[in-house]
**Student:** 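To start, I am sharing the structure in question, which I have written as structure tokens.
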Amino acid sequence: MRRRGCSPLLAISGLALVSLLLTCFAACYLVPPDTCSCNVDEKRDFDTIENTYLPTNSHRLAVLVPFRDRFDELMIFAPYMNKYLRQQRINFDIYIVNQVDSFRFNRASLINVGFLQTRHNHDYIAMHDVDLLPLNPNLHYGYPKHGPFHVASPNLHPRYHYPTFVGGILLVNRDHFELVDGMSNKYWGWGLEDDEFYVRLKEAKLEVSRPINISTDQTNTFRHIHDRLHRKRDTAKCFNQREATKRRDRDTGLHNVEYTLASEQKLVIDGVSVTILNVQLSCDKSFTPWCECTQNTESKNVKKPIKGKS
Ligand code: UDP
Ligand code: MN
């Protein structure tokens, strides 16, 4: 039986019209927002679920977050950074390098461990404080080909303004991190490990570059979620720590960081998956006895409570 309907010619031109209209609609309404002025020029596929381009850039970033007891900050960090880096079309994974031993916090050793655990499938790292959020979308997290890229530049960081500062957020490619043998493992407690790393970079003649043409300043480029009374810095100095951590360390680094990976877990925060590396660091107490230190921390700066009041 012959079906009633339009002629084949009419049907074909109808189809052509519909597909033309669909193409126009896609071109007009599915263009992703331009939130970043970075130089990302590779061709990418369009992800219609996320309404953005999929990264096809071959580089892969491991965001290494040295971590202990900063859960509130992490709850904000993970969803925020996921959105921020997706908007920049970066291929990335977030690793929370969680120190589970009972020694003092050792940010640099945790970064070394994070690097060793991820270097097989990532070709650059971001050493990233959990409490520092980039607010300006133009801080580029792309592959740092020619040398480390210091995102948390001293002229933009809310707290640290000296010219050789490389803490907070620093991007380093795999070859360069290996070239300088990673970071020193001598720095237990707060401070100086980033300054020592700067000397390593300098000695290796690696030039640190920083964001340029940024219209924001030290007050509004980053959010630093850090109340110094709530999150006290462990500035105590025990044994000969002060002397022993003054100079460039030629004994320790990536090649001899001692640790056990106690476990690895996935944690999903607001739909964002992060990997928790539970790391047990080892300490040679004959070499760095200050990995344990019972002295009060920031005692000079903490106000004593008034007697009789809670
Ligand atoms: N950190 C942590 N637990 C600690 C101390 C430090 O997780 O007990 C991590 C955290 O990622 C933090 C970073 O180390 O952002 C740097 O420490 P902190 O914020 O005290 O240094 P700041 O740059 O504010 O002086
Ligand atoms: Mn901080």
Side-chain angles (χ1 to χ4, degrees), residues 62-81 84 94-115 125-135 150-162 164-172 182-198 218-219 221-237 245 257 259 265 267 269 274-281 283 290-302:
V63 177
L64 303 180
V65 183
F67 186 88
R68 174 189 268 168
D69 184 27
R70 292 284 183 274
F71 198 71
D72 296 348
E73 291 86 336
L74 178 59
M75 292 302 101
I76 301 168
F77 178 85
Y80 183 86
M81 288 311 299
Y84 186 92
I94 299 177
Y95 293 88
I96 307 304
V97 195
N98 184 30
Q99 186 175 341
V100 296
D101 55 76
S102 52
F103 299 119
R104 296 168 77 195
F105 190 68
N106 190 329
R107 178 176 176 270
S109 288
L110 293 174
I111 291 168
N112 283 341
V113 174
F115 179 84
I125 60 168
M127 311 172 178
H128 214 302
D129 285 0
V130 73
D131 61 7
L132 198 62
L133 306 181
L135 299 177
H150 189 215
V151 177
S153 170
N155 63 324
L156 302 171
H157 192 284
R159 184 181 164 98
Y160 299 111
H161 306 141
Y162 56 96
T164 57
F165 174 64
V166 287
I169 307 164
L170 181 68
L171 310 181
V172 188
M183 301 187 81
S184 166
N185 299 306
K186 285 185 181 174
Y187 292 83
W188 302 90
W190 178 87
L192 291 184
E193 80 294 339
D194 44 359
D195 296 337
E196 199 274 348
F197 189 66
Y198 176 80
Q218 290 165 356
T219 66
T221 305
F222 295 96
R223 177 177 173 206
H224 188 198
I225 316 168
H226 194 148
D227 175 336
R228 55 185 270 278
L229 295 183
H230 179 49
R231 298 299 197 204
K232 289 172 193 154
R233 296 180 173 93
D234 171 12
T235 56
K237 298 284 178 273
T245 56
V257 58
Y259 71 101
Q265 296 169 301
L267 179 66
I269 305 163
V274 300
T275 303
I276 316 276
L277 303 173
N278 291 308
V279 175
Q280 210 157 347
L281 295 176
C283 170
W290 57 87
C291 62
E292 283 176 338
C293 174
T294 50
Q295 219 169 290
N296 281 348
T297 59
E298 274 199 338
S299 49
K300 284 176 292 198
N301 304 326
V302 180

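Both ligands and their constituent atoms are indexed starting at 1 by order of listing.
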**Student:** When the aromatic ring centroids of Trp188 and Phe105 are compared, is their separation below 6.0 Å?
**Tutor:** no
**Student:** Before signing off on this row, confirm whether Arg107 and ligand 1 have an N or O atom pair separated by under 3.5 Å.
**Tutor:** no
**Student:** Are Cys291 and Arg104 close enough that some pair of their side-chain heavy atoms sits under 4.5 Å apart?
**Tutor:** no
**Student:** Before giving the answer on side chain to side chain donor-acceptor pair (under 3.5 Å), spell out for Gln218 and Asn155 the whole-Å C-alpha distance, their side-chain angles and the decisive distance to 0.1 Å.
**Tutor:** CA-CA 6 Å; Gln218 290 165 356; Asn155 63 324; over 6 Å; no
**Student:** So that I know where these two stand, are Phe165 and Tyr162 an aromatic pair - ring centroids less than 6.0 Å apart?
**Tutor:** yes
**Student:** Any idea which protein heavy atom is nearest atom 24 (O) of ligand 1, and the distance to it?
**Tutor:** Arg233 NH2, 2.8 Å
**Student:** Looking at atom 17 (O) of ligand 1, is any protein heavy atom nearer than 4.0 Å to it?
**Tutor:** no
**Student:** Does atom CZ of Phe71 have more than 12 heavy-atom neighbours, drawn from other residues, nucleotides or ligands, at distances under 6.0 Å?
**Tutor:** no
**Student:** Select the closest option to atom 25 (O) of ligand 1 among Phe77, Tyr160, Phe105, judged by heavy-atom distance.
**Tutor:** Tyr160
**Student:** Give me the residue, atom name and distance of the protein heavy atom closest to atom 19 (O) of ligand 1.
**Tutor:** Asp131 OD2, 2.9 Å
**Student:** Please report which non-hydrogen protein atom sits nearest to atom 20 (O) of ligand 1, along with the residue it belongs to and the distance in Å to one decimal place.
**Tutor:** His226 CE1, 3.2 Å
**Student:** Is the Tyr160 ring parallel, tilted or perpendicular to the His157 ring (thresholds 30°, 60°)?
**Tutor:** tilted
**Student:** Where is the nearest protein heavy atom to atom 3 (N) of ligand 1: which residue, which atom, and how far?
**Tutor:** Arg68 O, 2.8 Å
**Student:** Check whether any N, O or S atom of Asp129, backbone or side chain, sits closer than 2.8 Å to the Mn ion (ligand 2).
**Tutor:** no
**Student:** Among all protein heavy atoms in this structure, tell me which lies nearest to atom 13 (C) of ligand 1, with the distance rounded to 0.1 Å.
**Tutor:** Asp129 OD1, 3.4 Å
**Student:** In degrees, rounded to 10 degrees, what angle do His224 atom NE2 and His226 atom ND1 make at the Mn ion (ligand 2)?
**Tutor:** 100°
**Student:** Under a 4.0 angstrom heavy-atom cut-off, which atoms of ligand 1 come close to His224?
**Tutor:** 24 (O)
**Student:** Just to confirm my output: which protein heavy-atom neighbour is closest to atom 8 (O) of ligand 1, and how far is it?
**Tutor:** Arg70 NH2, 3.4 Å
**Student:** Which one of His224, His226, Arg107, Arg70 satisfies the side-chain hydrogen bond (donor to acceptor under 3.5 Å, both in side chains) criterion with Asp129?
**Tutor:** Arg107
**Student:** Considering distance alone, does some N or O of Trp190 sit under 3.5 Å from an N or O of ligand 1?
**Tutor:** yes
**Student:** Indicate the atoms forming the closest heavy-atom contact of Leu135 with Tyr80, along with that distance.
**Tutor:** CA-OH, 3.5 Å
**Student:** Go through it in stages, so that I can follow the logic: the residues are Gln99 and Asp101, the test is side chain to side chain donor-acceptor pair (under 3.5 Å), and I'd like the CA-CA distance, side-chain angles, deciding distance and then a yes or no.
**Tutor:** CA-CA 6 Å; Gln99 186 175 341; Asp101 55 76; 3.0 Å; yes
**Student:** Check this for me - ligand 1, Pro66, N or O atoms closer than 3.5 angstrom, yes or no?
**Tutor:** yes
**Student:** Could you walk me through whether Asn106 and Asn185 pass the side chain to side chain donor-acceptor pair (under 3.5 Å) check?
**Tutor:** CA-CA 8 Å; Asn106 190 329; Asn185 299 306; 5.6 Å; no
**Student:** To make sure I understand the geometry: which N, O or S atom in Asp131 is closest to the Mn ion (ligand 2)?
**Tutor:** OD2
